[in-house]
Participant: 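My structure is below; once you've seen it, I'll send some questions.
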Amino acid sequence: MAASKPQPSAVQVPAARRIQSLRDAIEKALQDDVSREDLILRLTLSDAAALKRDRSVGVDEITFGPGGMRFLGVDIAHDAVAESVLERR
């Protein structure tokens with residue numbers, strides 16, 4: 001009898017879907033009258049890398065500058081987080 005491969009404990013969510021959930025979270029915060037300056041995206045390393053290379057991200061959605069990386073006008077913090085999250089400052 002052949003040995004079976006172990007199954008991953010969590011289903012890998014495609015990058016485009018994770019990025020869309022970030023867009024949705026930012027949009028919801030803006031609808032709740034929170035300004036972009038009061039928000040910060042704390043991203044996993046893989047989500048930060050996905051934002052830089054995923055084709056679903058438009059050039060008008062991401063900026064790089066002396067102040068760091070921004071997505072939809074929201075500052076990005078590259079933290080050692082287990083899950084990407086949008087927070088109020």
Side-chain angles (χ1 to χ4, degrees):
M1 182 181 249
S4 64
K5 293 182 180 178
Q7 297 296 318
S9 60
V11 175
Q12 183 71 7
V13 177
R17 189 175 307 157
R18 293 191 320 265
I19 292 167
Q20 185 59 50
S21 71
L22 296 174
R23 284 186 188 100
D24 295 343
I26 292 169
E27 181 63 31
K28 182 178 180 333
L30 295 174
Q31 289 176 357
D32 292 342
D33 292 324
V34 180
S35 71
R36 294 176 199 274
E37 293 77 24
D38 292 335
L39 297 171
I40 188 163
L41 271 174
R42 299 195 185 281
L43 298 181
T44 62
L45 295 176
S46 64
D47 283 348
L51 277 177
K52 294 176 191 175
R53 69 175 185 263
D54 195 274
R55 292 178 187 218
S56 72
V57 177
V59 294
D60 59 330
E61 293 182 301
I62 192 165
T63 58
F64 302 90
M69 190 167 120
R70 295 171 70 89
F71 180 61
L72 298 175
V74 175
D75 286 335
I76 294 175
H78 300 270
D79 293 333
V81 294
E83 185 176 337
S84 294
V85 63
L86 178 67
E87 295 180 345
R88 285 182 132 184
R89 293 183 197 233

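When a residue number appears, it is its place in the shown sequence, counting from 1. Quantities reported herein were computed from a predicted structural model and do not represent experimental measurements.
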Participant: For Q20 and R23, does a side-chain donor sit closer than 3.5 Å to a side-chain acceptor?
Facilitator: yes
Participant: Applying the salt bridge (Lys or Arg N to Asp or Glu O under 4.0 Å) test to D47, which of R18, K52, R17 qualifies?
Facilitator: R18
Participant: State whether a side-chain donor-acceptor pair under 3.5 Å links D38 with S35.
Facilitator: yes
Participant: Determine yes or no for a side-chain-to-main-chain donor-acceptor pair under 3.5 angstrom, with T44 supplying the side chain and A82 the backbone.
Facilitator: no
Participant: Output the rest of the hydrophobic cluster of I76: all Ile, Leu, Val, Met, Phe, Trp and Tyr residues reachable through side-chain heavy-atom contacts under 4.5 Å, sorted by chain and number.
Facilitator: I19, L22, I26, L30, V34, L39, L41, L43, L51, V57, I62, F64, M69, F71, L72, V74, L86
Participant: Would you call D24 and K28 a salt bridge, using N to O less than 4.0 angstrom?
Facilitator: no
Participant: Does Q31 CD have over 12 foreign heavy atoms under 6.0 Å away?
Facilitator: yes
Participant: Looking at residues at least two apart in the chain, or sitting in another chain, which of them share a side-chain hydrogen bond (donor to acceptor under 3.5 Å, both in side chains) with D75?
Facilitator: R70, R89
Participant: Considering all heavy atoms of both residues, which atom of E61 and which atom of G58 are nearest to each other, and what is their separation?
Facilitator: OE1-N, 2.7 Å
